[in-house]
*Asks:* 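Would you mind keeping the following structure in view while I ask a few things?
One-based numbering, in listed order, for ligands and for the atoms of each.
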Amino acid sequence: MISGHTRIAAVIGAPIAHSLSPVILNAAFAATGLDWAFLAFEVADGDAAPALDGMRALGIRGLSVTMPHKEAVAGLVDRCSADAAALGAVNCVVRDGDDLVGESTDGAGFIDAIAAETGFAFKGRRVVVLGAGGAARAVVLSAARAGAADIAVVNRTEAKAARAAALAGAVGRVASFDDVPAADLVVNATPIGMLDDGLPCDAGLLHAGQVVADLIYHPAATPLLAAARERGATAVNGLAMLVHQAGHSFKRWTGVDPPLAAMESGARAALTETR
Ligand code: NDP
């Protein structure tokens, strides 16, 4: 029951009504018995600064940040973690005394999700990332930190591919679809497959022995994942990443280990019911 003692965490973004964050985080608070509640606030583009002032004034304990505020918040917090500073983007704000600290939990969520779902270990492996936007950049940085030997970024706009690949230092490079067959892990970080809009790369480039990860989680089976499975590859969608990044935020806010199974079943139930 919500009372005067209840601690509040929230997500800001626009649009926000379809965010799964409230379902996932409230499932986590319920499963751990913490007297916390999680809300969603629609905050218009350009209004991240007053939203952070509100966080300070209202004593909101933790904030998730989604589109279109991730970059703006990186410039508004008192300081950023190393990952958030490198990415120039924040998806999680943590209080440290009076300071607001910007963090990025997408990359850690991605690495943990791939390991949990497939057992894939990044050290010495070849990764192809399709796309070079915010999610792709988090994947590139985290794959490099996890020890990947080669991180090839394929993107429609080559200049953005170069900026994303640079996050991986010596192991990052701009690449083409020709690099897909040699990859141990192929990651779709474009929105292609969310609508009935085909595959982000040719199905003929995929094969058994590869892990193919689509960051999309709705639909659960994208055309890319269906093609990967058909060709004998291991296929995984983006739901586990969503849950694991929320788990990292939960841990930073509360200090408690996240109840990942409860968080995932909350997300699955919401996806089944409302979409
Ligand atoms: P961005 O808009 O930041 O980046 C999108 C990328 O996809 C860009 O590189 C863009 O290329 C490319 N792209 C978009 N449309 C096309 C197209 N028609 N053809 C070729 N390339 C295209 O988006 P995000 O990085 O935030 O999100 C990407 C995907 O990842 C989304 O599906 C999102 O839902 C998912 N995601 C999942 C998360 C999870 O937890 N599972 C977390 C975050 C995102 P260009 O640079 O040329 O414009």
Side-chain angles (χ1 to χ4, degrees), residues 11 13-16 18-21 23-25 45 64-74 83-84 87-92 103-114 116-117 128-143 151-167 174-177 180 186-202 212-225 235-250 258 260 263-264 267-268 270-271 275:
V11 58
I16 204 63
H18 292 291
S19 169
L20 286 177
S21 294
V23 169
I24 294 173
L25 271 310
D45 198 3
S64 293
V65 180
T66 188
M67 295 298 293
H69 303 303
K70 289 183 174 186
E71 288 81 12
V73 169
D83 279 8
L87 295 169
V90 161
N91 77 334
C92 169
E103 308 225 1
S104 177
T105 62
D106 280 336
F110 170 73
I111 299 291
D112 289 356
I114 295 297
E117 297 278 292
V128 165
V129 180
L130 307 174
R137 289 168 57 81
V139 166
V140 168
L141 182 65
S142 62
I151 302 173
V153 182
V154 182
N155 192 51
R156 180 176 61 181
T157 308
E158 199 172 308
K160 280 177 72 180
R163 284 201 293 277
L167 289 163
V174 177
S176 74
F177 290 117
V180 172
V186 180
V187 183
N188 176 35
T190 80
I192 300 169
M194 273 179 120
L195 308 170
D196 196 11
D197 54 354
L199 286 78
C201 72
D202 194 305
V212 177
D214 203 327
L215 301 194
I216 294 169
Y217 50 84
H218 186 74
T222 60
L224 176 72
L225 295 181
V236 54
N237 73 20
L239 187 62
M241 173 179 170
L242 186 72
V243 168
H244 279 268
Q245 64 78 23
H248 280 280
S249 297
F250 176 90
L260 294 166
M263 295 164 80
E264 183 166 339
R268 278 191 202 285
L271 282 169
R275 305 192 179 215

*Asks:* Against heavy atoms of Gly131, which atoms of ligand 1 measure under 4.0 Å?
*Replies:* 9 (O)

*Asks:* Ligand 1 versus Ala189, non-hydrogen atoms closer than 4.0 Å: side chain, backbone, both, neither?
*Replies:* backbone

*Asks:* Would Ile216 count as a polar contact of ligand 1, with the cut-off being nitrogen or oxygen pairs under 3.5 Å?
*Replies:* no

*Asks:* Using protein heavy atoms only, decide if any is under 4.0 Å from atom 4 (O) of ligand 1.
*Replies:* yes

*Asks:* Does Arg137 approach ligand 1 within less than 4.0 angstrom via side chain, backbone, both or neither, non-hydrogen atoms only?
*Replies:* neither

*Asks:* Quick one: which ligand 1 atoms are inside 4.0 Å of a heavy atom on Gly238?
*Replies:* 39 (C), 41 (N)

*Asks:* Determine, counting only non-hydrogen atoms of the protein, whether one lies under 4.0 angstrom from atom 14 (C) of ligand 1.
*Replies:* yes

*Asks:* Do Asn91 and Thr66 have side-chain heavy atoms sitting under 4.5 Å apart?
*Replies:* no

*Asks:* How close do Asp106 and Ala138 get, counting heavy atoms only, and between which atoms?
*Replies:* CB-CB, 3.9 Å

*Asks:* Numbering the atoms of ligand 1 from 1, which are under 4.0 Å from a heavy atom of Lys160?
*Replies:* 45 (P), 46 (O), 48 (O)

*Asks:* Is there a nitrogen or oxygen of Ala132 sitting under 3.5 Å from a nitrogen or oxygen of ligand 1?
*Replies:* yes

*Asks:* Work out which heavy atom in Val90 is nearest to a heavy atom in Val73; give both atom names and the distance.
*Replies:* CG1-CG1, 3.7 Å

*Asks:* In the structure I gave you, are the side-chain heavy atoms of Leu130 and Phe177 within less than 4.5 Å of one another anywhere?
*Replies:* yes

*Asks:* So is there a nitrogen or oxygen of Met67 less than 3.5 Å from a nitrogen or oxygen in ligand 1?
*Replies:* no

*Asks:* Under a 4.5 Å cut-off applied to non-hydrogen side-chain atoms, are Leu224 and Ile216 in contact?
*Replies:* no

*Asks:* What's the spacing between Leu271 CG and Leu239 CG if we round to 0.5 Å?
*Replies:* 6.0 Å

*Asks:* Is there side-chain contact between Leu242 and His218, with heavy atoms separated by less than 4.5 Å?
*Replies:* no

*Asks:* Can you name the closest pair of heavy atoms from Ala132 and Asn155 and give their distance?
*Replies:* N-OD1, 3.4 Å

*Asks:* Please report the shortest heavy-atom distance between Ala136 and Gly131, naming the atom on each side.
*Replies:* CB-O, 3.2 Å

*Asks:* Within the structure, does Tyr217 bring an N/O atom to less than 3.5 angstrom of an N/O atom in ligand 1?
*Replies:* no

*Asks:* Of the listed options (Asn155, Val154, Ile192), which comes nearest to atom 19 (N) of ligand 1 when hydrogens are ignored and any heavy atom counts?
*Replies:* Ile192

*Asks:* Counting only heavy atoms closer than 4.0 Å, does ligand 1 sit against the backbone of Leu215, its side chain, both, or neither?
*Replies:* both

*Asks:* Which of the numbered atoms in ligand 1 are under 4.0 angstrom from any heavy atom belonging to Met194?
*Replies:* 32 (O), 34 (O)

*Asks:* Give the residue, atom name and distance (to 0.1 Å) of the protein heavy atom nearest atom 16 (C) of ligand 1.
*Replies:* Arg156 NH1, 3.4 Å

*Asks:* What's the shortest heavy-atom distance between Val129 and Val140, and which atoms?
*Replies:* CG2-CG2, 4.0 Å

*Asks:* Is atom 23 (O) of ligand 1 less than 4.0 angstrom from some protein heavy atom?
*Replies:* no

*Asks:* Just going by heavy-atom distances, which of Lys70, Glu158, Met241 is nearest to atom 42 (C) of ligand 1?
*Replies:* Met241

*Asks:* Among protein heavy atoms, which sits nearest to atom 44 (C) of ligand 1, and what does the distance come to when rounded to 0.1 Å?
*Replies:* Ala135 CB, 3.6 Å

*Asks:* Using a 4.0 Å cut-off to any heavy atom of Gly134, which atoms of ligand 1 qualify?
*Replies:* 3 (O), 25 (O)

*Asks:* Only one of Thr222, Asn188, Asp214 passes side-chain contact (heavy atoms from CB on, under 4.5 Å) with Pro200; say which it is.
*Replies:* Asn188

*Asks:* Taking C-beta and beyond as the side chain, do Asp112 and His248 meet within less than 4.5 Å on heavy atoms?
*Replies:* yes

*Asks:* Which atoms of ligand 1 sit under 4.0 Å from any heavy atom of Thr157?
*Replies:* 45 (P), 46 (O), 47 (O)

*Asks:* Would you say ligand 1 has an N or O under 3.5 Å from any N or O of Leu239?
*Replies:* no

*Asks:* Please report the shortest heavy-atom distance between Pro258 and Met263, naming the atom on each side.
*Replies:* CB-SD, 3.9 Å

*Asks:* Backbone or side chain, does any N or O of Gln245 fall under 3.5 Å from an N or O of ligand 1?
*Replies:* no

*Asks:* Would you say Phe250 and Ile24 make side-chain contact, with heavy atoms under 4.5 Å?
*Replies:* no

*Asks:* From the options Pro191, Gly133, Ala161, select the one whose nearest heavy atom is closest to atom 7 (O) of ligand 1.
*Replies:* Pro191

